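Beneath this line is the structure, given in structure tokens, with notes to follow.
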Amino acid sequence: MRYAIGCILFPALLALVVPGARAQGCVLDMHPYYSGYATETTDFSNVYTTVLSDGYSTFTPSAGCTGSGVTHQPRAYNVLGSTGGWGYGTASCITCYLSYQNNQQVAYNETGDDDYPPWVWQTEIFCSLAGDFSNNAPGPHPVNFTVKSWVDVGEGDLHIVWTWASSTGTQSDLSGCTINETVTYPGNSPYVWQAPFPSITINPNPTTGSVPGTDTTLVDDHDLGSPPNTNFQKPYSTASFNAVQTITYSCTHGTSTTKGTLFGPANVKRSINQNPNLSWAFTVLEIIQDGNYLATINPLP
Amino acid sequence: MRTVSRALLMVLGVAATAVISVAQAKVEMSLQRPRITLHEPVELTFDVTNNDQNSVQIDLGRDRKENFKITLTTPTGEKIHLPQLRKSGMTRSPDVTIATGENYHQTLVLNEWYDFKQVGFYQIEVELAKPALSNGAVVAGQEPFDLTLNVDPRDETALANRCESLAADIIAFPSYEVAAERALALSYVNDPVAVPYLKRVLLANKSVEVFAINGLRRVATPDAVQVLGLALTMDYTSAFARAALSGIENETADPQVKEQIRRMMGNPIT
């Protein structure tokens, strides 16, 4: 399952001076609280996208500008491949809560992790008096997130170097972006690895990490703690558990924030298995774009 | 006379060479505020300037923090060699390349290494485990930096001012990197005064929510728990808030806080 989430928030004060109405002394004192959210998911049969435009405004009437009869309409643009377009919600009063969602889907072609159809989205609020005033779309964001290199550095540490670029082609445009990971272990927080694995405490669970989007690379160590704990507990037996890793981005540009998924959710599987010669081996394995990335301790002492 | 002149020229030549050599690359470390009040974060500024004709490389270790070696002497005279910071999982690439004429800047929050919970005078020695290189040759960063820190008694006004300044920087959001550095610092204001500022940052939608949650977990007062309850209801932060609340519940000796968390986990604020 791959998914992406995007959102644009407009919590800032907006004091609109309406040109056509100003001669009549109509100054809108309005605080808009509109949001745009976008999600992309797949069940590997179809790709589904939703774009939601919702929120409300507060409004203080002034002389000659009661707001009576003025409406706001939520609009959402959602084009997945060649499917979709603009959709319009119901126009309502300035202070009414508005919500409109535009859904699209296309067949999923399983030819690789990056073969999702192009997706373009945008949300806006249309005011019958002032026109579009929350016209926003995602800003620069990370693209081409791929493994640059990886190595088994020993002591059960799978060391992966990831790289990415800016959607604009200029890395410095990602100054408002961060790349984050979440790794969730199969249990409560804190999570303690069970025998025969070393007794490693993951606290908190999930774990997180983040790097600035302007960096061009990051490193990811699926290891046995820091410093490494290689005290595997005897008697050895066949055992395994999965941690689930998701790598996302979040970009803030002005008053808008866009979020999306770059990789995952993906299992990071740690296992202990017996070799044909009856010795034991530890493996940490992550499957990335159909490739096996792993580190081992073989044989275990 | 001629001999003296030659000798003088040679000395000048050596001196000039030394100056040029020093100027090729320069590593500087200093405390942003050498005098603070109790519970304020301790921030170290790290700068590398490259005036060499070649690029300069420096390996700062995992998350660009591992290769800072810190030794400090506490107000009671105890000398402590702090363990190097080594983080698992996703971290910044350790290798930094500084082009000719460029500068690299980083802020470290020393509370990640040590909890400065005593009032008084600290001596802090910071050195790099690996110096800066150019074409494989050491060009800077071999010498340790000796810094001094005065921690004055707790002052709520000073703490609030510091929190306000950090929160304002985060919300102004000049870049994620700056916001994250400030959020990390704010998260180490281990004092109830920090709670409203951490709440503001949590709700500001500036991609630094996890820092705020970590800060609230450290403060762990009923007010901090209440704000974590808000985070529990937010999609992106819910899992982190739940882990923070579990941590507080496990560690606190306050039965009211334990009960508050139990109620919250069973019935989140909506």
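Labels below follow one simple rule: chain letters A, B, ... track the order of the sequence lines, proteins then strands, and each chain is numbered from 1. Source: prediction; values computed, not measured.
Of all heavy-atom pairs spanning A/S53 and A/E124, the tightest one is OG-O, 3.6 Å.
Checking each of A/H159, A/E286, A/K269, A/R270 against A/H222 for a side chain to side chain donor-acceptor pair (under 3.5 Å) leaves exactly one that passes, namely A/E286.
Of the residues considered (A/G209, A/C177, A/S175), A/S175 shows the highest number of contacts with chain B, using heavy-atom pairs under 4.5 Å. When each of A/P204, A/P228, A/G213, A/P206 is scored by its heavy-atom pairs under 4.5 Å with chain B, the top score falls to A/P206. Residue with the most contacts toward chain B among A/T207, A/L224, A/N188, A/N180: A/N180 (heavy-atom pairs, distance under 4.5 Å). Counting heavy-atom pairs closer than 4.5 Å to chain A, the top residue among B/A180, B/S93, B/S246, B/G247 is B/S93.
In this structure, the portion of A/I247 lying under 4.5 Å from any heavy atom of chain B is its side chain and not its backbone. Neither the backbone nor the side chain of B/E181 comes within less than 4.5 Å of any heavy atom of chain A. Proximity to chain A is limited to the side chain of B/N250, based on heavy atoms less than 4.5 angstrom apart. A/D221 touches chain B through backbone and side chain together, each having a heavy atom under 4.5 Å away.
Aromatic ring centres of A/F145 and A/Y249 lie farther apart than the 6.0 Å criterion allows.
Put simply, the side chain of A/T182 reaches to within 4.5 Å of the side chain of A/T184, judged on heavy atoms.
The ring-ring contact (aromatic ring centres under 6.0 Å, His included) test applied to A/F282 returns A/F232, not counting sequence neighbours.
The existence of a salt bridge linking B/R92 and B/E177 is confirmed by a sub-4.0 Å separation between a basic side-chain nitrogen and an acidic carboxylate oxygen.
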